[in-house]
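Inspection log for the structure reproduced underneath, given as structure tokens.
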Protein chains: 2
Amino acid sequence: MNNISDAVIKRLPSYYRHLEKMLKEGITHISSYDLGKRMGLTPSQIRQDINIFGGAGRQGYGYPVQDLLEHIAKIIGITKTQNMIIIGAGNIGGAIVGYSSFIDSGFKTLAMFDVSEEKIGKKIKGVIVEPVSKLGEFLNNNDVKIAVIACPENQAQSIADILVSNNIKAIWNFAPIDLILPDSVVCVNVHLSESLQQLSFRLNNLI
Amino acid sequence: MNNISDAVIKRLPSYYRHLEKMLKEGITHISSYDLGKRMGLTPSQIRQDINIFGGAGRQGYGYPVQDLLEHIAKIIGITKTQNMIIIGAGNIGGAIVGYSSFIDSGFKTLAMFDVSEEKIGKKIKGVIVEPVSKLGEFLNNNDVKIAVIACPENQAQSIADILVSNNIKAIWNFAPIDLILPDSVVCVNVHLSESLQQLSFRLNNLI
DNA sequence: TAGATTGTTAATCGATTAACAATC
DNA sequence: TAGATTGTTAATCGATTAACAATC
């Protein structure tokens with residue numbers, strides 16, 4: 001079950017989303033064929049994937065939706081709430097703290113951090129904005145493993161260094177920069193500009 | 001030069017970003033070895049990629065940074081400003097219209113659209129919020145090919161249908177749903193929840 | 001039991017890496 | 001010229017798809 005490939009990891013949340021939807025629709029079991037049709041994958045790939053992350057089906061019957069959903073939730077790690085903090089109380093930071101579906105799937109923002117005097121002390125969607133200078137202290141006093149970097153690019157690396165030295169283990173990075181991090185810290189980038197440029201390329205290279 | 005694979009398309013904006021940075025640093029030419037070191041790719045892959053999208057180097061010398069940057073900008077399609085609209089004036093929509101770096105790389109938001117009476121008529125970062133009911137009319141009167149879907153999930157598909165029937169050719173989708181679109185329309189998804197879940201998986205499966 | 005569908009092995013496909021002659 | 005480095009072909013690696021025996 002260990003050593004799940006990158007390709008499979010990227011599909012995991014999509015499995016979760018589709019299974020959740022099916023559960024809501026009252027579907028109790030589903031074949032690799034039908035699940036593949038919903039997700040845009042081949043039945044073969046569905047079966048390979050599910051075997052890799054350790055789900056179990058039944059011949060002639062398919063996969064039990066609820067069991068599979070619970071199993072995936074468990075390996076993703078969203079069965080219990082995980083705390084996070086957001087560095088940068090600007091547009092992106094504000095959008096993330098306000099994006100309610102994160103709460104649904106088990107993530108809770110404890111605090112935001114910014115350098116702007118106007119923002120410090122205020123609340124955004126009920127979450128307090130603290131000064132960046134208190135970042136280390138805050139992390140020492142709270143159980144947080146996930147941090148969101150939504151600050152300007154030129155501060156991102158130094159913020160990351162502070163986070164790492166205060167025991168943050170996962171960084172969700174919105175700054176358009178490749179952070180230098182130790183192997184013991186995981187990172188997922190959301191490079192919005194690059195995503196939009198990808199769209200632009202596809203638009204300008206339509207056949 | 002045509003039929004650039006998905007893998008290469010995803011790397012294109014990263015090439016652009018790194019080359020732009022190098023140009024600012026005053027680097028005039030670079031070898032596949034050094035570029036690979038900066039981008040975290042092998043020299044082999046750099047050379048393969050550049051050949052695929054039609055750049056040109058010189059043996060014994062490397063690649064001219066400015067030429068390559070201009071070439072990539074051209075095939076991405078960001079040499080001239082491209083208009084876009086945003087559907088949904090909520091958290092995500094607000095963050096995107098405010099994200100100034102999009103303007104730097106040639107994207108201009110002409111208008112936002114929402115259903116909320118409170119938001120309609122107001123301006124966000126200088127951009128007017130129009131009622132969704134005027135979407136079709138607006139698209140008939142303006143040259144826009146790119147639309148951002150940042151509305152609630154349950155409205156996303158019907159919005160997409162309106163966009164498609166009014167000649168939008170590229171959709172940047174932030175709703176957690178797989179849109180059904182004709183082949184003549186390109187789409188890039190930004191599924192934030194899935195991205196965060198990926199981070200969670202990696203955090204919870206660290207060795 | 002018969003039909004459906006999994007689990008898993010083998011085959012294929014595509015992407016990455018290695019190698020090296022060409023050449024600046 | 002000699003050294004560096006590309007462009008490109010071949011080798012490798014990994015991911016996806018196909019096939020089919022096992023079995024519910």
Side-chain angles (χ1 to χ4, degrees), chain A residues 1-15 18-19 22 27-72 75 178 198 201-202 205, chain B residues 1-15 18-19 22 27-72 75 178 198 201-202 205:
Chain A
M1 183 157 80
N2 239 339
N3 270 50
I4 299 187
S5 78
D6 233 63
V8 179
I9 295 173
K10 281 186 185 141
R11 283 194 292 271
L12 262 177
S14 176
Y15 278 100
H18 282 92
L19 287 165
M22 279 177 250
I27 299 170
T28 56
H29 59 104
I30 191 157
S31 69
S32 56
Y33 179 83
D34 287 337
L35 184 53
K37 212 157 64 174
R38 278 176 173 254
M39 295 184 62
L41 303 173
T42 61
S44 246
Q45 186 160 44
I46 299 275
R47 294 203 294 278
Q48 291 278 16
D49 283 355
I50 292 179
N51 275 42
I52 285 167
F53 57 70
R58 238 168 70 204
Q59 282 101 326
Y61 177 83
Y63 299 90
V65 172
Q66 181 154 11
D67 287 5
L68 195 52
L69 180 65
E70 280 167 13
H71 180 71
I72 290 174
I75 66 172
D178 302 318
Q198 222 187 97
F201 174 86
R202 290 185 201 275
N205 293 269
Chain B
M1 182 158 82
N2 240 339
N3 271 52
I4 299 186
S5 79
D6 233 62
V8 178
I9 295 173
K10 279 185 186 142
R11 284 194 292 272
L12 262 177
S14 176
Y15 277 100
H18 281 92
L19 288 165
M22 280 178 248
I27 298 169
T28 55
H29 60 104
I30 192 156
S31 69
S32 57
Y33 179 83
D34 287 337
L35 184 53
K37 212 157 62 174
R38 278 176 173 254
M39 295 183 62
L41 303 174
T42 62
S44 248
Q45 186 161 44
I46 299 275
R47 294 204 294 279
Q48 292 276 18
D49 282 357
I50 293 180
N51 274 42
I52 284 168
F53 56 70
R58 239 167 70 203
Q59 281 101 329
Y61 177 82
Y63 298 90
V65 173
Q66 181 155 11
D67 287 5
L68 195 52
L69 180 65
E70 282 168 11
H71 180 72
I72 291 173
I75 66 172
D178 301 317
Q198 222 187 95
F201 174 86
R202 290 184 199 278
N205 292 270

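Order of the sequence lines fixes the chain letters, A, B, ..., with proteins taken first and strands second; residue numbering starts at 1 for each chain.
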Next on the checklist: Nearest to the side chain of A/S31, heavy atoms from C-beta on, is which of C/dT5, D/dA15, D/dG7?
Outcome noted: C/dT5

Checklist entry - Rounding to a whole Å, what distance do you find between B/D49:CG and C/dT17:C1'? => result 12 Å

Checklist outcome for this item: A/K37 NZ to C/dT5 C1', in whole Å, measures 15 Å

Next on the checklist: What verdict does the side-chain contact (heavy atoms from CB on, under 4.5 Å) test give for A/I46 and A/Y15, after you've listed the backbone C-alpha separation in whole Å, the side-chain angles of each residue and the deciding distance to 0.1 Å?
Outcome noted: CA-CA 9 Å; A/I46 299 275; A/Y15 278 100; 3.7 Å; yes

Checklist entry - When you match B/D34 and A/L41 each to their closest nucleotide on DNA chain D, which lands nearer the 5' end? => result B/D34

Next on the checklist: Should the side chain of B/Q48 and the base of D/dT6 be counted as holding a donor-acceptor pair, with the cut-off at 3.5 Å?
Outcome noted: no

Checklist entry - Just how far, in rounded Å, is C1' of D/dG14 from CD of B/Q45? => result 14 Å

Item to check | Straight-line distance of B/I9 CD1 to A/R202 CZ, nearest 0.5 Å | outcome: 4.5 Å

Item to check | Side-chain ion pair, B/R38 and B/D34, N-O less than 4.0 Å | outcome: no

Item to check | Identified pairing partner of C/dC20, criterion: Watson-Crick or G-U wobble below 3.5 Å | outcome: D/dG7

Checklist entry - Which residue, B/Q45, B/R47, B/K37, forms the side-chain hydrogen bond (donor to acceptor under 3.5 Å, both in side chains) with B/S32? => result B/R47

Item to check | Nucleotide D/dA15, atom P - distance to CG of A/N3 in whole Å | outcome: 11 Å

Checklist entry - Can a side chain N or O of A/Y63 be found less than 4.0 Å away from OP1 or OP2 on C/dG7? => result yes

Checklist entry - Between C/dT8 and A/N51, is there an OP1 or OP2 to side-chain N/O distance shorter than 4.0 Å? => result yes

Next on the checklist: Please report the distance, rounded to the nearest Å, between CD1 in A/I30 and P in C/dT5.
Outcome noted: 11 Å

Next on the checklist: I want to confirm an ordering. Mapping A/Q59 and A/R47 to their closest nucleotides on DNA chain D, which one lands closer to the 5' end?
Outcome noted: A/R47

Item to check | d(CD1, B/I46; C1', C/dA15) in whole Å | outcome: 15 Å

Checklist entry - Can you check side-chain contact (heavy atoms from CB on, under 4.5 Å) on A/Q48 and A/N51, steps first, answer last? => result CA-CA 5 Å; A/Q48 291 278 16; A/N51 275 42; 5.7 Å; no

Item to check | Nucleotide forming a Watson-Crick or wobble pair with D/dG14, both distances under 3.5 Å | outcome: C/dC13

Checklist entry - Are OP1 or OP2 of C/dT16 and a side-chain N or O of B/T42 less than 4.0 angstrom apart? => result no

Next on the checklist: If the cut-off is 4.0 Å, is B/R11 near the phosphate of C/dT16, judged by side-chain N/O to OP1 or OP2?
Outcome noted: yes

Checklist entry - What integer distance in Å separates A/I52:CD1 from C/dT9:C1'? => result 14 Å

Item to check | Nucleotide nearest A/A7 (side chain, heavy atoms from C-beta), chosen from D/dT16, D/dT9, C/dC24 | outcome: D/dT16

Next on the checklist: Using 30° and 60° as the class boundaries, would you call the ring planes of A/H29 and A/Y61 parallel, tilted or perpendicular?
Outcome noted: parallel

Checklist entry - Looking at the side chain of B/S44, which of C/dA18, C/dA15, D/dA19 is the nearest nucleotide? => result C/dA18

Checklist entry - Taking the side chain of B/A56 as heavy atoms from C-beta outward, which of D/dG7, D/dT16, C/dA19 is closest to it? => result D/dG7

Checklist outcome for this item: Taken to the nearest whole Å, CG/A/D6 to P/C/dG14 is 20 Å

